[in-house]
Protein chains: 2
Amino acid sequence: MKSTYRVLPLRNVRIEDQFWSKYGELIRDVVIPYQWDALNDRIADAEPSYAIRNFRIAAGQEVGQFGGFVFQDSDLAKWLEAVAYSLTTLKDPSLERIADEAIDLIADAQQEDGYINTYFTIKAPDKRWSNLADCHELYVAGHMIEAAVAYYEATGKRKFLDVVSCFADYIDTVFGIEDGKIKGYDGHQEIELALVKLYKVTGQEKYLRLSQYFLDQRGQEPNFFVEEWEARGQIPFWPGQSVGPASRPNLKYNQSYTPVREQKEAHGHAVRAVYMYTAMADVAAQTGDEGLLQACRTLWDNIVDKQMYITGGIGSTHHGEAFTFDYDLPNDTIYAETCASIGLIFFAQRMLQIESNSKYADVIERALYNNVIGSMSLDGKHYFYVNPLEVWPKASEGNPGKHHVKSVRQKWFGCSCCPPNVARLVASLGEYIYSVSDTELVVNQYIGGVASATIGGQNLEIRQETNYPWDGRIKIELTPENEHTFTLGLRIPDWCQHATLRINDEECPLSDIMRDGYARVERTWKAGDIVQLDLAMDVQLIQSHPQLRVNAGKVAIQRGPLVYCVEEFDNDAPLASITVLTDQPLSARFDSDLLGGMMIIEGDALLDEQGDWGNELYRPLKTVTRPVKLRAIPYNSWGNREAGEMSVWIRRK
Amino acid sequence: MKSTYRVLPLRNVRIEDQFWSKYGELIRDVVIPYQWDALNDRIADAEPSYAIRNFRIAAGQEVGQFGGFVFQDSDLAKWLEAVAYSLTTLKDPSLERIADEAIDLIADAQQEDGYINTYFTIKAPDKRWSNLADCHELYVAGHMIEAAVAYYEATGKRKFLDVVSCFADYIDTVFGIEDGKIKGYDGHQEIELALVKLYKVTGQEKYLRLSQYFLDQRGQEPNFFVEEWEARGQIPFWPGQSVGPASRPNLKYNQSYTPVREQKEAHGHAVRAVYMYTAMADVAAQTGDEGLLQACRTLWDNIVDKQMYITGGIGSTHHGEAFTFDYDLPNDTIYAETCASIGLIFFAQRMLQIESNSKYADVIERALYNNVIGSMSLDGKHYFYVNPLEVWPKASEGNPGKHHVKSVRQKWFGCSCCPPNVARLVASLGEYIYSVSDTELVVNQYIGGVASATIGGQNLEIRQETNYPWDGRIKIELTPENEHTFTLGLRIPDWCQHATLRINDEECPLSDIMRDGYARVERTWKAGDIVQLDLAMDVQLIQSHPQLRVNAGKVAIQRGPLVYCVEEFDNDAPLASITVLTDQPLSARFDSDLLGGMMIIEGDALLDEQGDWGNELYRPLKTVTRPVKLRAIPYNSWGNREAGEMSVWIRRK
């Protein structure tokens, strides 16, 4: 079963949206320039990146030592990819010139045989491919390929694409099951999905086959990573780790414990996992490989039904930045790395083109509106790596088990994978709005703007207007070049309890036309047809499954796609002393003065009194409460005022 | 202000108690022989101890490598101390012979200059005293001294006492502020309290002065541990740690961040902390040092009012086995090491002789009846090192942040400090029952048996009968040799809401005679006087301070001194789905069939239904509950049946 849907490409979509346009501008005007400064080590008081400097040294333009992590090159690649998407939506010659120069620098740092990696070029040229488990060489290659494909599609310039094709051709000579090749794969998956992109843009089947090889080989016995570790004398790469049997690779950590088709539950490092699942869906979509697709479905269900935070975050522990096990979703020792949610969005996006089931678009929406944009400050210059659902700043300072949970966004990170990942996702947001097939236009996300598509050979313009996510009304005007029969699919989100659809002011009952979570209207469309969808956007109290123990007796507040949180700034502390009254309605109100404007939610609550306590830590139960007002703001906006407590889950009466 | 109260020595107290006698027998008949086997590496499937083997090697009786931790000798010392207490209460010639042989072995391993330590003798004789921060040399010496003092008091045999006196004399020549001496102190406090014991039994003031020196010197600038670390080239002792600035010693970890008198909050490794506070109280009691005593009071209040679990456990994180900060008492990532509670009991016991305030005896009771005896299985052969208040076995396996929280007691540990510590505490329990002064007999703990005391030069026999902790009635018969006027102090525990006192069947109102938490009856006592104290022992629901966020909306069940818990074995799971009804009475019932017999508590509760859930992880709030019976057992007996969930804190309606 090959994919029948395809993403409407970025160049066909122009976002004009009261919510998202400002994010697009932020990425273009602030984030991309800011991150370029970061890559050039020009941010005061932030950890240096070394990324550009490493390339200069590798290209022979400067003398010095390699700096940063072994995978530092990938930060530049992700930045270039974000630039490519940005240039797709808005030409910017001076930015394009900077990018061209960066690409020239990469080309200059490329070795004779096609190899690109500043760490090994500068520091250990004789150690190439000697530690695939730890050293991210193919991971970095993957990001280079993704960036080059995006840049080619944005500008039509071939230079970067040729550079990475040459690199990929070289990699193809090194890896494979054939005699004389390394029968390995990377510790951090990424090249697998990148090679499918390279295949699609070049049409070269060898890249698809190489991606398939990396996936198929992973987890086969004898295990490559164990053999590699034995071969290098049982020595781990990272300093400070023990040598010998205790350093034996953790095969669950990088999803190589069993062949990928046999994996049933999400295990290990969350970013690696979802990048791999994305590639599995990519290859399944290209080849029709049912076994691979079935594994994707099983892994998807495991994540979404058992291992995903309500914000779309994944990864329950900072030990290995990893999944743990079903229903283990602690809010305060959480990991929920930004990159992992972005990877989950990639996985969802691939599955959505194969199956056009709203469950994938729902998760894209959940992760995007909550975890992902919440990771970035409203000024675009500060980021969370870990996205907690419960923060007590004193504990982040004073309890070592929570040191990784920051209560304030950071300027940059030594391992700064997340900020450029947010930039490239938001810059490519246009790709997430529509899917098309030969007979169907599917609206996956409600984001205002204008798009053009071709369905069954006929051109069509789509204009979407909405005040989403603050309001559930969406107006879509279709302008086919000629009258034309096709199906319009409109996602009815999982959070929506009641929706109405009107076409040219005539109500269209949903009951008969719902399929896989979309209202699918087949008719002959003509220019000027107006579709109006009204999604009831009530304030909802959400509970979690009883097996998810930490949330027992608690509720989260959600309105539309937005998960809310309470902050100490607006409420009495400790927040754990607050009980929300579930029999009183909560009300939503747009506060245009608050941080650029947002819908806030207010209601009645009870506060456990502290005043009647003496010094004692424990006493016989004597509940003394007083009524207080509770105020919640969207989770994605937390931490933009003073540092303080924050919680998504609130005790309920 | 010097101490006016003194402990009634162990040899004066014979425990005959339905609750405690079996523990005494268990220690004597099972634990001491079992631990002797462990020290000799004769427990199948358990981690070897190497303790005896190390001594044989150090004594030249065997050839081999040192095994175990650098502080392994202390396990033998603590075992000998437990043996000494056991021999005090019951002669056992064959056990005494084994102990004598072990002492001969220690003496044979002693070096010419008095030094004893098998690690350095076998492995690094030239490295003596070169790393006080990490290597526990003085800590081990302290345990040897404690054991020798106890053995001398038990048997009158001087050999071991002479061996450790010689060692202490040597240490006195090595450490001090005088020129040519090391101006240091041990990374793990212990010798400080041991030297006070040695001073008391020998009358040699130099041991008290040496203890004072170690306390006074700690935390002075320039910091000894920083200088020592610089001197050895910034290299840490433990393998796998980084070298250089990152390995700079954490001075809060071992309470050397500031002089001990200036410490206001409990910080760092919990066992080290409370051993140090114990020694501070010891020295204050001997010298009348008000500044030191005031520091003890401040630190005591900080622990008990802000950093102690309801079970008497201390230490909120396994990172450094340490205190974290006020009101940070997570139940599931807890440490609450057995040894730390035992150290807290030591600290309380010292303060109790200085101040005779029930708050110290209350904490002894809390820690003893809950955390400490709960650490040992009912068969005496399995132990917890970490004593959690909430256990989900799957999380202990599957979430690395909880790997240290075991759901099943272990046979022995590589670092097996806790089991022999329990043995020595329980074997010396007789010391915790009474305090005496020249005019007062104080009953601190309600444990049946017979004791003899001398008050104001007059001999007195005390017979205590009780079914405590199952029942709150205590009968005490006093038999003074001659009619004699003194004060009898009876602790009214902090958990007791109502108490009545009858003397020779005549009610004695408590209101006028309460002082520092004790009913203090001054009268002329004659042989056959009967005192009957009735402590109302209701089932109580306990709440914790609102700042203790994790327990918000929850209650613990307590009856008398016993904290209760719910186990999956007796209740519906997940336990987090259970809500206890606070408006319905809970009832206590003695179940003689359950694990040797115990009071269980039963009542009505509600269970969140799981049956109406589908696959979804989150849904709009729809509470569906059904009534269930809740059954709680004493916390100290948890984990003696099948592994499963356990929780002390339960959601309340």
Side-chain angles (χ1 to χ4, degrees), chain A residues 239-242 301 304-306 308 310 316-320 322 324-330 332-333 392 394-395 397-401 497 540-550 552-553 555-556 574-577 579 582 608-610 613 615-623 651-652, chain B residues 239-242 301 304-306 308 310 316-320 322 324-330 332-333 392 394-395 397-401 497 540-550 552-553 555-556 574-577 579 582 608-610 613 615-623 651-652:
Chain A
Q241 292 183 312
S242 37
D301 288 346
V304 173
D305 295 342
K306 309 276 176 64
M308 184 183 73
I310 192 171
S316 299
T317 178
H318 72 288
H319 297 273
T324 55
F325 64 99
D326 293 352
Y327 300 113
D328 184 44
L329 293 163
D332 57 343
T333 56
W392 179 17
K394 274 191 189 170
E397 291 288 321
N399 187 316
Q497 306 273 331
Q540 294 180 316
L541 294 180
I542 306 293
Q543 66 181 161
S544 62
H545 193 285
Q547 290 287 337
L548 208 172
R549 289 150 175 80
V550 292
V555 288
L575 297 175
S577 293
T579 313
T582 56
D608 295 343
E609 278 286 10
Q610 282 191 60
W613 278 80
N615 284 332
E616 71 275 22
L617 195 46
Y618 307 102
R619 73 175 188 192
L621 179 64
K622 181 177 70 166
T623 49
R651 284 166 55 213
R652 65 174 159 84
Chain B
Q241 293 183 311
S242 36
D301 288 346
V304 173
D305 295 343
K306 309 275 176 66
M308 185 182 74
I310 193 170
S316 299
T317 177
H318 73 287
H319 297 273
T324 54
F325 64 98
D326 294 352
Y327 300 114
D328 184 44
L329 293 163
D332 57 344
T333 56
W392 180 18
K394 273 191 189 170
E397 291 289 320
N399 187 316
Q497 306 273 332
Q540 295 180 316
L541 294 180
I542 305 292
Q543 66 180 161
S544 62
H545 194 285
Q547 290 287 337
L548 209 172
R549 290 152 174 79
V550 292
V555 288
L575 296 176
S577 294
T579 313
T582 56
D608 296 342
E609 279 284 12
Q610 281 191 61
W613 279 79
N615 284 333
E616 71 276 23
L617 195 46
Y618 307 102
R619 73 175 187 191
L621 179 65
K622 181 178 70 166
T623 49
R651 283 165 55 212
R652 66 175 160 82

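Just so it is clear, the values below take in all heavy atoms, side chains as well, and ignore hydrogens, waters and symmetry mates.
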Practice task
Say whether, by atom type as modelled, one donor and one acceptor occur between the side chain of A:Gln543 and the main chain of B:Lys622 under 3.5 angstrom.
Solution key: yes
Exercise for the section: Would you mind reporting whether B:Pro400 and A:Thr324 have side-chain heavy atoms less than 4.5 Å apart? Expected result: yes
Problem - Contacting moiety of A:Ile310, where chain B heavy atoms sit under 4.5 Å - result: both
Handout entry: A:Glu616 portion near chain B, given a 4.5 angstrom heavy-atom threshold
Key = backbone
Exercise for the section: Evaluate whether atom CD of A:Gln610 has more than 12 neighbouring non-hydrogen atoms of other residues, nucleotides or ligands under 6.0 angstrom away. Expected result: yes
Exercise for the section: With a 4.5 angstrom heavy-atom cut-off, could you sort out which part of B:Val304 is near chain A: side chain, backbone, both or neither? Expected result: backbone
Exercise for the section: Compare every heavy atom of A:Pro620 with every heavy atom of B:Gln540, then report the nearest pair and how far apart it is. Expected result: NE2-CG, 4.3 Å
Problem - B:Glu609 portion near chain A, given a 4.5 angstrom heavy-atom threshold - result: backbone
Exercise for the section: Answer with side chain, backbone, both or neither: which region of A:Leu575 has an atom nearer than 4.5 Å to a non-hydrogen atom of chain B? Expected result: neither
Handout entry: Under 4.5 Å from a heavy atom of chain A, the part of B:Arg549 involved
Key = both
Handout entry: Proximal component of B:Ser544, with respect to chain A [non-hydrogen, under 4.5 Å]
Key = both
Exercise for the section: Compare every heavy atom of B:Trp613 with every heavy atom of A:His545, then report the nearest pair and how far apart it is. Expected result: N-CH2, 3.4 Å
Problem - Engaged part of B:Lys306 at the chain A interface, taking heavy atoms whose separation is under 4.5 Å - result: backbone
Exercise for the section: Kindly say whether the aromatic ring centers of B:Trp392 and A:Phe325 come within a distance under 6.0 Å. Expected result: yes
Exercise for the section: Among A:Gly320, A:Ala395, A:Pro546, single out the residue with the greatest number of heavy-atom pairs under 4.5 Å to chain B. Expected result: A:Pro546
Fill in the blank from the handout: Okay, B:Leu541 and chain A: the region with an atom under 4.5 Å from a heavy atom over there is both
Handout entry: Over all atoms of both residues, closest heavy-atom pair of A:Tyr618 and B:Met308
Key = OH-O, 2.5 Å
Problem - Engaged part of B:Thr582 at the chain A interface, taking heavy atoms whose separation is under 4.5 Å - result: side chain
Problem - Which atoms of A:Asp326 approach chain B - backbone, side chain, both or neither, heavy atom under 4.5 Å - result: backbone
Problem - Heavy-atom contact with chain B under 4.5 Å, split by part of A:Arg619 - result: both
Problem - Which of B:Asn399, B:Thr317, B:Asp608 touches chain A most, by non-hydrogen pairs under 4.5 Å - result: B:Asn399
